[in-house]
Amino acid sequence: MTPTQLLWNFLKPICQQNGIEYVAMSDGDRMDRFSAASVSQTVYPGVFVMRPRYRVRDTTNGLIMLNYELKIYILAKGDLNDFESQDSAFDFCESVATNILQELNRKYLEEKTCWFDLNDSGMDPVMYVTLDSAWGYELTIRLGLESNQLFY
């Protein structure tokens with residue numbers, strides 16, 4: 001297992017919420033996979049996670065952490081000529097992003113299965129226009145996962 005696979009196994013179920021049609025990870029630092037998938041399958045509303053940056057941290061007490069920096073795009077289709085559909089897409093995506101933050105915070109506070117601090121998260125509205133027009137949010141977070149099994 002790789003550090004990225006460890007993250008994906010943890011994060012993907014959190015992103016698979018009611019109403020989400022598509023959840024995937026990028027092939028690098030671009031959204032090419034999302035664009036390609038939109039040609040042949042339903043990707044809206046969707047959650048698209050950029051491959052993470054991460055640092056390994058040895059806490060010197062027998063615990064090795066992987067500290068990830070993530071960008072997650074939550075996008076819903078809208079109509080370029082209909083402000084109400086754009087607002088509806090923003091509202092839906094903001095709700096999904098908020099649910100992701102709530103679940104990560106719950107996993108940190110109640111289950112102790114990750115390290116997560118709401119102070120290290122943020123949301124920015126985005127518009128994504130290629131073959132389709134979509135509106136949503138870029139969610140940025142920092143997330144830590146115990147990773148002893150990868151290094152010992």
Side-chain angles (χ1 to χ4, degrees), residues 1-55 65-147 149-150:
M1 177 175 290
T2 68
T4 299
Q5 290 168 334
L6 178 72
L7 171 71
W8 193 234
N9 290 342
F10 178 81
L11 190 60
K12 186 176 181 181
I14 295 170
C15 294
Q16 293 172 319
Q17 301 179 28
N18 288 338
I20 295 296
E21 295 287 333
Y22 180 81
V23 176
M25 185 179 286
S26 75
D27 53 342
D29 62 350
R30 300 177 56 182
M31 296 194 56
D32 293 347
R33 284 186 184 175
F34 189 80
S35 297
S38 72
V39 173
S40 61
Q41 58 185 302
T42 302
V43 297
Y44 300 107
V47 176
F48 194 69
V49 179
M50 302 304 283
R51 282 200 181 265
R53 289 180 55 162
Y54 59 88
R55 302 286 181 259
M65 294 289 294
L66 285 167
N67 294 320
Y68 299 93
E69 295 177 23
L70 297 168
K71 286 187 181 180
I72 302 170
Y73 291 91
I74 301 104
L75 298 168
K77 204 168 188 176
D79 185 339
L80 275 172
N81 300 314
D82 182 353
F83 293 151
E84 284 184 27
S85 81
Q86 295 168 17
D87 290 342
S88 187
F90 276 126
D91 291 345
F92 176 80
C93 294
E94 187 175 15
S95 175
V96 170
T98 301
N99 289 342
I100 290 171
L101 291 176
Q102 288 171 341
E103 182 62 11
L104 290 172
N105 200 41
R106 188 189 69 74
K107 286 187 172 291
Y108 169 63
L109 294 173
E110 295 175 14
E111 295 179 10
K112 308 293 186 210
T113 55
C114 67
W115 174 87
F116 178 72
D117 184 350
L118 278 171
N119 293 319
D120 288 330
S121 62
M123 279 192 249
D124 292 300
V126 294
M127 179 180 169
Y128 183 69
V129 179
T130 55
L131 301 173
D132 305 309
S133 300
W135 287 262
Y137 278 85
E138 176 189 87
L139 175 61
T140 55
I141 60 173
R142 291 184 180 173
L143 177 69
L145 295 176
E146 181 273 317
S147 60
Q149 69 273 27
L150 299 179

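Every heavy atom of this structure was used, including side-chain atoms; hydrogens, water molecules and symmetry mates were not.
Contact detail for A37 and Y22: the closest heavy-atom pair is CB-OH, 3.4 Å. Between L7 and L145, the shortest heavy-atom distance links the atoms CA-CD1, 3.8 Å. In this structure, R55 and R53 approach most closely via the heavy-atom pair NH2-NH2, 2.8 Å.
The closest side-chain heavy-atom distance from V23 to F48 is not below 4.5 Å. M1 places a side-chain heavy atom less than 4.5 Å from the side chain of N9. L101 is listed as a side-chain neighbour of I141, based on a closest heavy-atom distance under 4.5 Å. For the pair C15 and I100, the minimum side-chain heavy-atom distance is below 4.5 Å. Annotation: side chain of E21 is in contact with side chain of P45 (closest heavy-atom distance under 4.5 Å). Two residues are said to be in side-chain contact when any heavy atoms from C-beta on lie closer than 4.5 Å; E146 and L66 fail this criterion.
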| Hey, mind stepping through D120 and W115 against side chain to side chain contact (heavy atoms under 4.5 Å, CB included) and telling me if it holds? | CA-CA 11 Å; D120 288 330; W115 174 87; 3.4 Å; yes
| query | Could you go step by step and tell me if R142 and F116 meet the side chain to side chain contact (heavy atoms under 4.5 Å, CB included) rule? | reply | CA-CA 7 Å; R142 291 184 180 173; F116 178 72; over 6 Å; no
| said: As a quick check of understanding, evaluate side chain to side chain contact (heavy atoms under 4.5 Å, CB included) for W135 and C93, giving each step before the final call. | reply: CA-CA 8 Å; W135 287 262; C93 294; over 6 Å; no
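A donor-acceptor contact shorter than 3.5 Å is absent between the side chain of S147 and the backbone of L150. Under a 3.5 Å cut-off, the side chain of S26 and the backbone N or O of R51 do form a donor-acceptor pair.
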Donor-acceptor pairs under 3.5 Å, side chain of residues 84-92 to any protein atom, not counting sequence neighbours: which ones?
unit_1, atom_1, unit_2, atom_2, d
S85, OG, D79, N, 2.8
S85, OG, D82, O, 3.0
Q86, NE2, D79, O, 3.0
Q86, NE2, L80, O, 3.0

Atom pairs and distances, donor-acceptor, side-chain atoms in residues 67-78, under 3.5 Å, two or more places apart:
unit_1, atom_1, unit_2, atom_2, d
Y68, OH, P3, O, 2.6
Y73, OH, E138, OE2, 2.4

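Residue pairs satisfying the side chain to side chain donor-acceptor pair (under 3.5 Å) criterion with at least one member in residues 95-109, sequence neighbours excluded, are listed as follows: Q17-N99, E103-R106, R106-E111, K107-E111.
Under the 3.5 Å distance criterion, with hydrogens and angles disregarded, no donor-acceptor pair is assigned to the side chains of S38 and Y128.
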